[in-house]
There are 2 protein chains.
Amino acid sequence: MNLAIGDLSRRTGVKIPTIRYYEQIGLLPSPVRTEGQQRRYGSDEVRRLNFIRHARELGFEVDAIRQLLGLADDPNRCCGEAHEITKAHLDEVKDKIARLTALRDELETMVACDNRRVSECRIIEVLADHGQCLHETH
Amino acid sequence: MNLAIGDLSRRTGVKIPTIRYYEQIGLLPSPVRTEGQQRRYGSDEVRRLNFIRHARELGFEVDAIRQLLGLADDPNRCCGEAHEITKAHLDEVKDKIARLTALRDELETMVACDNRRVSECRIIEVLADHGQCLHETH
DNA sequence: TCTTGAACCTCTAACCGCTAGAGGTTGTAG
DNA sequence: CTACAACCTCTAGCGGTTAGAGGTTCAAGA
């Protein structure tokens, strides 16, 4: 395998400028180059970039991915650290779900508004009043 | 009411640089100024900023808020537009919840990994393999 | 072997929604 | 009248990309 950056991009679904960005911030190692300075990648890089992409899809931050990659590179280390990172991330995700669910319910109520004039529109009303309410109770 | 920017900030819970930023991008109108160029706000601005803050808390993008503010300013317009904006936002939120729920389940499985060596760690494994799977099925 | 032209290169700047800091000015309470 | 908190503008930074300008290289076909 001797892939140009465009091939790597197609294989992993990661856009070309993003691949170069990952190299720049040290998530991907600098690949070998042709005489004309074009990047050439092998299967190691495909695997590593897939790892990164999946972790990003799962919402891990670049810093967390850097740590996970460090662990993955050293097969003798205990996975306790990976466990911790993942656990922390899981807690955040649960929290986010809870907040989004509350938000969804609020939006459902607002959407119940149907084609009245703005002056009697629940949506505008909720947005305008709620701020006041929050202010008064805080 | 003749509030300095710090007072407005305390009343609405919006940080001072953020208030100035909202003015800069045209979400908040330029307020009156003292002779020494300090901003002074009235109750209109308090209301408007509360509206903005609440909409941001609900996850509306600044562009959407701009539209909602436009509607709120014109009480004779039909609220159909507000309905549309909110509906679109609701759909996004639902989608996000679905994806986060799938993610949560995946993370729960991963967290089940307990203190093995990295070489047999579910977390690293899932991250590494999943990318491959996704690639192969796409 | 030469010629296209698609794909690559680097560099800079923009995106969103803020936030922070430097360095200077104003308002107000004592 | 003085001290100092709060304000001012301006610039730059964050994370995680993405876009564009302007120039070079690679590979396939004639």
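Predicted model, so just to flag it, every value in this text is computed and none were measured. Convention: sequence-line order gives letters A, B, ...; per-chain numbering from 1.
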- Message: In whole Å, I'd like the distance from the CD1 atom of A/Ile19 to the C1' atom of C/dC8.
- Response: 12 Å
- Message: From CZ of A/Arg53 over to P of D/dG16, roughly how many Å is that when rounded to an integer?
- Response: 17 Å
- Considering only NZ, NE, NH1 and NH2 on the basic side and carboxylate oxygens on the acidic side, decide whether A/Glu108 and B/Lys94 come within less than 4.0 Å. yes
- Query: Which part of the nucleic acid, if any, lies within contact of A/Ile5, taking any heavy atom under 4.0 Å across all strands shown: a base, the sugar-phosphate backbone alone, or nothing?
  - Reply: sugar-phosphate
- Message: Counting only side-chain nitrogens and oxygens, does A/Arg20 get under 4.0 Å of the OP1 or OP2 atom of C/dC9?
- Response: yes
- Quickly work out the B/Gln24 CD to D/dC10 C1' distance and round it to whole Å. 10 Å
- Task: Find the distance A/Ile25:CD1 to D/dT17:P and express it as a whole number of Å.
- Result: 8 Å
- Task: Look at the side-chain N and O atoms of B/Arg39 and state whether any lies under 4.0 Å from the OP1 or OP2 oxygen of D/dC7.
- Result: no
- Query: Between atom OH of B/Tyr41 and atom OG1 of B/Thr12, what is the distance when rounded to the nearest 0.5 Å?
  - Reply: 9.5 Å
- Message: So, OP1 or OP2 of D/dT9: does either fall under 4.0 Å of a side-chain N or O from B/Arg33?
- Response: yes
- Item | CG on A/Leu49 to OG on A/Ser9, rounded to 0.5 Å | 8.5 Å
- Item | Euclidean distance, atom CD of residue B/Glu23 to atom P of D/dC8 [Å, nearest integer] | 9 Å
- Item | A/Ile52 CD1 to D/dG16 P, straight-line distance once rounded to whole Å | 12 Å
- Message: Rounded to whole Å, how long is the line connecting atom OH of B/Tyr21 with atom C1' of D/dT9?
- Response: 18 Å
- Distance check: side-chain N/O of A/Thr34 vs OP1/OP2 of D/dC26, anything under 4.0 Å? yes
- Start at the 5' end of DNA chain C and walk down; is the nucleotide closest to B/Arg56 or to B/Gly36 reached first? B/Arg56
- Query: Does A/Thr18 put a side-chain nitrogen or oxygen below 4.0 Å from OP1 or OP2 of D/dG16?
  - Reply: no
- Counting heavy atoms from C-beta on, name the nucleotide in D/dG16, C/dC18, D/dC8 closest to the side chain of B/Gln38. D/dC8
- Query: Has the side chain of A/Arg48 got a donor or acceptor atom that lies under 3.5 Å from a matching backbone atom of A/Ile52?
  - Reply: no
- Task: Examine D/dT17: is either OP1 or OP2 under 4.0 Å from a nitrogen or oxygen in the side chain of A/Tyr22? Give yes or no.
- Result: yes
- Around A/Glu23, counting heavy atoms of other residues, nucleotides and ligands shown, do more than 12 lie under 6.0 Å from its CD? yes
- Would you kindly give the CG-to-C1' distance between B/Asp7 and C/dT28, to the nearest whole Å? 13 Å
